[in-house]
Structures are given as structure tokens and as C-alpha cells.
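Below, chain A is the first sequence line, B the second, and so on; all start at residue 1.
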Number of protein chains: 2
Amino acid sequence: MFKKVLIVEDLDSIGFGIVQMLKQEGKIEIVIQSQYCDDAYLKFLKAQKDDLPFDLVISDLSFKEDHRGSKIKSGDELIKILKLKQPNLKTLIYSVEDRFIKIRPLIEHKLIDGYIIKSRYGLKNLTQAIKDVQTGKTYISPELLGFMNRKEVFEIEDYDVNLLIHLSNGLTQEQIAIHFRQNSIIPSSVSSIEKRLNRLKLELKAKNAIHLVANAKDLGLI
Amino acid sequence: MFKKVLIVEDLDSIGFGIVQMLKQEGKIEIVIQSQYCDDAYLKFLKAQKDDLPFDLVISDLSFKEDHRGSKIKSGDELIKILKLKQPNLKTLIYSVEDRFIKIRPLIEHKLIDGYIIKSRYGLKNLTQAIKDVQTGKTYISPELLGFMNRKEVFEIEDYDVNLLIHLSNGLTQEQIAIHFRQNSIIPSSVSSIEKRLNRLKLELKAKNAIHLVANAKDLGLI
DNA sequence: ACCTTCCTTACGGGTAGCCGTAAGCACTAA
DNA sequence: TTAGTGCTTACGGCTACCCGTAAGGAAGGT
């Protein structure tokens, strides 16, 4: 049974909802809440130092920037750091993000013990996830299970994403080639860039460059 | 003082958070919750029929589709219908949407009595909004106030949005022209389409068509 | 009627992108 | 060494797009 849980969630309505729910369930002794990744990190260190470490962290993925700039920008970054400090820590992500392309790396790299999509029944799924993780299992939201077995490995590398970003910023292929050459990114020739874009158009089923960038944005690639 | 409030919010964690908060405040007698626009509409009609109508509706803007298809797709649609049924109804939108281009029409058309952005302090703002609306005022989230006075009227019409959507779907200007001609949308010539796109590129500060579509997507125009 | 203005449309020259072909180069296996 | 493979690069023809110019037409004012 988890004793001490850290909730990291920027939106107060959701954080409040989770905390209230956990309190009503009444199974977890200490529930601490934080609205900033950096603040969560400090609370985590403090707890370790006081010899009262957390045994579960539930975090959102993306956090709005505000006047307090945060050094840690996202939930997966935060968890990566926390796991380094305390490898036996259990971690859950609770996020509206439902694009599998964003979620898959988190699961495959065994960064997290569960991924719950914030949905109509997200809270219910979250309580189930907590139970599963307690018994050593991994929890994946039911919406995602259908994707888990398909491997259709989108062979999209950082290079491709980089290329698409430059394209979406209005650079011509020529300009991208020059930029790549200046920054020693290979391949850098216009010809190779064309070739890459062709492959991407095939993979993302795009008719032309505009369509390609639009699809990449919809998928959350860029 | 509001007696009966309807909360329309698909994500259970948020709906739960709002309801718990209102209960703790203890100023509203009846709080009813719904996770679907269609269901909310039915509950609303039922309340009218029973002569116990709602006097405030707090709704999200966008709702995830799920196995139950909903006829009413968004919070603003819902509110539009409810206001027809009961013109004195007070309405608030509570949403993560913070792009002013999406929010402005709701405010300008006097569709809503307040807009609260779900943020770190969204719940606090929501309670303030409820108070303001009770006294006949309109509430706008502080994040938006800076934009309210600027009018820099983006002269972007449905025609332009339509055009951008076709473009983002990979149609060539030629194909769009043919489509427009077939559907009696004017102007329909390639030349006019080029001219429109030029104007849009100026307004959205885009270097080329790819950049234009990317910017339009970021702004939430398409 | 005539002119002005605004919008739509047409056309033509220059440019970026698309597509196929092929040369250059590194690495591997026979 | 030689042949084969895979990746990068170069080039040329074709298409789509970009941009300026100008003709045609509708609406409104004098």
C-alpha cells in the first residue's frame, strides 16, 4: 500500500479533483500536491532528506509556462530525474495526451509504470492504475491497448523532425541545405533533403509538402 | 445567489474538482453534472419542465468524441441552444483554450457571461466569475484582458479558413479553384486564390504557403 | 451616360519544388 | 581485387507556385 504520494499537475481543478478523490478513498496517508515541476523536485528532495520519501509520483505531461519560469519543462523530464535519485520510485503519467506517437517512447523506455489518459473515466482508470502498480503491474489506459501490439515502426528520426520544423518555419529546401551544411548535419544536399521529404510523404500519406507539414502537426511530430 | 447550477465537462477529474469545490463553498444548493452535451441538454429540458430550471451553466468548450456520438459537438453550440430556450440563463465557459482568436467571437456575440481559462488558478478564477455574474457583471480571465482592447481586426473570413483547410489537405491551387467553381464559391479562379493567399501570408507573417498553413494551425484557425 | 472604384479573372515570366537518372564514395563479402 | 549495396550528391526536365500587369465587369456617384 502506498503511503506517500506526490501529485504534479498544473491545473488546479484537476489537481484538486485527484486529491479529493484520493482522500475519499482514504487509502493513502499522505498526499502532497505541486503545480510546478521544479517545485515538485524540491519537495521530492526534501522528503528524501527527511527520510520520508515518496513511493509514488503521479504527474501530468505538459505544463503551461507562466511568470515563474520552470527549469524542468515536462512530466517525463521530471520523472527521468526523480528515477535517477530513487530508482525504486513508482511513477504514473496522467495526461490528456492521447497521441500514441508521443506516449510510446515513455512506455518502451520503461520510464513509467503506467499511462492514464485524462478522459471521461480518467479518474476511475487512475484508481485502477494505482492498484495495479501496487502489485507490480504496469497500467496502460484502455484507449491505448489497441495500439500496443501494432509495431508499424514509424522510422522517423530526429533528423526528420528537424527537417519538418525548418520546413514549417518557412525555409526553402535550399535554405535548409545551407543551414545543415553550416551546422554539419548530414545529409545536407538539396537532393537528399528532397529524398527524405519523399519518404516522409509516403509514410505520412501526404500529397505535397504543405499536406506533409499539416499532417506532422496533427500527429504531434512537430 | 444561484440556486441550481449545471456543470458540463467531459473529463471526470475536472468535473469532480469543480463539484467538490462548489460543495465546499456551500453557497449553491443544487449542483448537477453532465459529461455529454446531449445529456446536458436533456437534463436542462427536464429541469425546465419540472419548473426547477437552472440559473447558471458552466461548460467546457471542446468535448472528446466517444462511442456515444453526440449531436451537440461543443460547449458554445450547447449554450447557443440553451439560451434560445431560456434567454435569462447565465452562462460561463471554463476551458483550456487560451487562443484569443477562438474566444473573441464568444464574447463579442454576447453568447456568454464569462470566460475562464483553465490554468493554475482556474478554480479560483471560476469562483470569482460566479460571484461577478451574480451581480450582473461579465467575467474575463486575467490572461485575456490584455487582448481585449486591441482590435487589430484579423479580417479573416470563412472563405479564407475554407481555403486554408483545402490547402492543408494537400490540394493544389488549381484543384481548389475547380472545387470552388463546382460548389459556386466565389472567387474561384486560381488568380484570386493566389491573391487571397498573398493577403493571408501578409497578415499571418508567413514566408510561403507551408509557413502559412503551419501558422494557421498554431493559431487555431484551422 | 460616364467615370471611379473594387473585385474577379487572365496571362506571362521567374522561381521553388518534384521526379527520374546517374555519378561518386564508403563499406562488405566473395 | 572485384562486384555489390547503400547512401550522398548532382543535374535536367517538368509542374506548381509566386508576382506583377492588365483586361473585364458590377456597383455607386456625378
Trainee: At 4.0 Å (heavy atoms only), tell me whether A:Lys207 reaches a base, stays on the sugar-phosphate, or touches nothing.
Mentor: nothing

Trainee: Report the distance from atom CG of B:Leu200 to atom NZ of B:Lys205, rounding to the nearest 0.5 Å.
Mentor: 12.5 Å

Trainee: Specify the residues of residues 170-198 of chain B, ordered by number, for which at least one heavy atom lies under 4.0 angstrom from an atom of DNA chain D.
Mentor: B:Thr172, B:Gln173, B:Glu194, B:Lys195, B:Asn198

Trainee: Check the distance between D:dA16's P and B:Asn208's CG and give it to me in whole angstrom.
Mentor: 18 Å

Trainee: For A:Tyr94, is the NZ or CZ atom of A:Lys118 found under 6.0 angstrom from the centre of its six-membered ring and inside 45 degrees of the ring axis?
Mentor: yes

Trainee: Measure CD1/A:Ile210 against P/C:dA16 and give the value in whole Å, please.
Mentor: 16 Å

Trainee: Could you tell me whether B:Lys83 and B:Asp113 have a side-chain N and a carboxylate O separated by less than 4.0 Å?
Mentor: yes

Trainee: Would you say the rings of A:Phe100 and A:Tyr115 are close, in the sense that their centroids are separated by under 6.0 Å?
Mentor: no

Trainee: In chain order, what residues pass the side chain to side chain contact (heavy atoms under 4.5 Å, CB included) check against A:Ser141, with sequence neighbours excluded?
Mentor: A:Ile116, A:Ile117, A:Asn125, A:Tyr139, A:Glu143, A:Leu144

Trainee: Sort out for me which residue in A:Asp60, A:Asp66, A:Asp39 forms a salt bridge (charged side-chain N to carboxylate O under 4.0 Å, His left out) with B:Arg120.
Mentor: A:Asp66

Trainee: Write down the distance between CG (B:Leu200) and C1' (D:dC17), rounded to a whole number of angstrom.
Mentor: 16 Å

